[in-house]
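One structure is given here, and the rest of the page talks about it.
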Number of protein chains: 2
Amino acid sequence: MITLTEENYIKAIYHLGKQGRENVNTNALAEAMNTKASSATDMIRKLAEKDYANYKKYKGVTLTESGKDIAINIIRKHRLWEVFLVEKLNFTWDEVHELAEQLEHIKSQKLIDELDAFLGHPTHDPHGDPIPDKNGEFTFVEKIVLSQAQEHQTYSCLGVNDSSTEFLQYLNKNDIGLGSTIEVVHIEPFDKSINIKANGKLLTVSQSVAKNLYLKKL
Amino acid sequence: MITLTEENYIKAIYHLGKQGRENVNTNALAEAMNTKASSATDMIRKLAEKDYANYKKYKGVTLTESGKDIAINIIRKHRLWEVFLVEKLNFTWDEVHELAEQLEHIKSQKLIDELDAFLGHPTHDPHGDPIPDKNGEFTFVEKIVLSQAQEHQTYSCLGVNDSSTEFLQYLNKNDIGLGSTIEVVHIEPFDKSINIKANGKLLTVSQSVAKNLYLKKL
DNA sequence: ATATATTTTTAGTCTAATCTAAATATTTAT
DNA sequence: ATAAATATTTAGATTAGACTAAAAATATAT
């Protein structure tokens, strides 16, 4: 049986080590976990013993295949819950993260399979991050920010970079949400402001907005 | 901050002591928690210290008002999650309990308020037990079993007593579910078998079925 | 009413996850 | 290449929640 704390360390190693492939330093891990280096060392030892991690003293830690599987499964759960909270329970994009940190530890294969189906097998969460499928495969989507978009091209909104309340409220006001269709009508060479048609409505957005909106080409 | 274990003990005291009003013995509590009497004593001490419980050595334990509030809130969450799992995620009535035991500990007021609204403010869970509202008030509904029903009266299905897979499958096969309308057409005096019209369809059910189906008068 | 049985509490350990402080490796700078 | 700085590990303690075994209180039975 894997404990909640072990799961959280595994997740942190995964994120810090770029999908768990690169070595993660004890100090970096301790900081991510809001704990001390000595505690991180203890946990790394334990994870290595349970064969979730590869560890050589003073050389940092990576995840084993089974460690990665666990991490990916937690990420899948986290992101599916985020979609649920935003799409079904009226949460805003910035409210969901810490709640999903709790929900991701609920243990039930059927729950997560059914939730996935209930949500229509989403491939991305409200921040535009990909949701691994049942087999741990990520859907790769070329993600760009609006400021890198091309004139006359049509895109779909994947998520946001800045998830401040103000920015999300700005998007709401302009009817831009997950999956919104955005057509780049014109890019003003002078100040790089962008004329877009969002869900049919014309709108001019500034660079600072454009830098924080993730899109995929349609 | 209240721990998960504390919450579970409080819930057990609430259930064992008839809404936490009656004294609960250390041994009974230990058995309910699958632990030993000495552990229960330790926890009772702790709960009393935190003012969730009233405790006199050798005299058992009751809940304080704040302890009861906590218990009722956990029960509310548990039962709302059960409704969600059955109504939205295709769980059967007997699959939901242990999963709801995990979900009931998720901490977010907004989550539970929104879930409640999403489900249409249900008053009863899939087992026919009442769901306390936001203020901790239970909807009292006179709950009878089908075997006590009156001829020519119409009822609504509240839940089941026996939640074995076989029984639930029997009900599914006959299109009886939560909220189904059941009219008692005729009670056979010879063997007490009951002729009912369930969701429009005529059906004869035996006493053993009738004893396990909870109804409320319409 | 007293002995016996049962229940509850106490005392002392154990494990997981944390901490501080000290010791040891490794890295960096000269 | 060595000293200083930084990173990591070790050693020993702490806390929550559990355990066993023994002691103490309460309940039961004759």
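Numbered from 1 within each chain, the chains take letters A, B, ... in sequence-line order.
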Length of the [atom1]-[atom2] vector between [X] and [N], whole Å:
X: B:I44; N: C:dT10; atom1: CD1; atom2: P; result: 11 Å
X: A:K56; N: C:dT26; atom1: NZ; atom2: P; result: 12 Å
X: A:L29; N: D:dT9; atom1: CG; atom2: C1'; result: 14 Å
X: B:E49; N: D:dA16; atom1: CD; atom2: C1'; result: 13 Å
X: A:K36; N: D:dG12; atom1: NZ; atom2: C1'; result: 16 Å
X: B:M33; N: D:dA16; atom1: CE; atom2: C1'; result: 14 Å
X: A:N23; N: C:dT26; atom1: CG; atom2: P; result: 14 Å

Inset, instruction - Using the side-chain hydrogen bond (donor to acceptor under 3.5 Å, both in side chains) rule, take A:S208 and A:S206 through it: C-alpha gap first, then chi angles, then the decisive distance, then the call. - result: CA-CA 5 Å; A:S208 55; A:S206 67; 3.1 Å; yes
From [options], nucleotide with atom closest to [X] side chain:
X: A:M43; options: C:dT18, C:dT9, D:dT9; value: C:dT18
X: B:N27; options: C:dT10, D:dT8, C:dT7; value: C:dT7
X: A:Y9; options: C:dT18, D:dT8, D:dA18; value: C:dT18
X: B:D42; options: D:dA18, D:dT9, C:dC19; value: D:dA18

Legend entry - Sequence neighbours excluded, every pair satisfying ring-ring contact (aromatic ring centres under 6.0 Å, His included) that has a member inside residues 95-121 of chain B: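 For residues 95-121 of chain B: B:H78-B:H97.
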Legend entry - Pairs where residues 15-68 of chain B contributes a residue and the test ring-ring contact (aromatic ring centres under 6.0 Å, His included) is met, not counting sequence neighbours: none
Please determine whether a side-chain nitrogen or oxygen atom of [X] lies at a distance below 4.0 Å from atom OP1 or OP2 of [N].
X: A:R45; N: D:dT10; result: yes
X: B:N25; N: C:dT8; result: yes
X: A:T5; N: C:dA16; result: no
X: A:T35; N: C:dC19; result: yes
X: A:S39; N: C:dT18; result: no

Between the protein and nucleotides 21-29 of chain D, which nitrogen or oxygen pairs are less than 3.5 angstrom apart?
| residue | atom | partner | partner atom | Å |
| --- | --- | --- | --- | --- |
| D:dA25 | O4' | B:Y58 | OH | 3.3 |

Legend entry - B:K192 NZ: over 12 foreign heavy atoms closer than 6.0 Å: no
Inset, instruction - Measure up the B:F84 and B:W81 rings against each other and bin them: parallel (under 30°), tilted (30 to 60°), perpendicular (over 60°). - result: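 If you compare the ring of B:F84 with that of B:W81, the planes turn out perpendicular.
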Legend entry - B:R79 side chain vs B:R76 backbone, donor-acceptor pair below 3.5 Å: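 Such a contact is absent between B:R79 side chain and B:R76 backbone.
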Inset, instruction - Looking at every strand, decide which applies to A:T26 at a 4.0 Å heavy-atom threshold: base, sugar-phosphate, or nothing. - result: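 Sugar-phosphate: the residue A:T26, judged by heavy atoms under 4.0 Å, touches backbone atoms but no base.
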Legend entry - B:Y155 ring center near B:Y214 ring center (under 6.0 Å): no
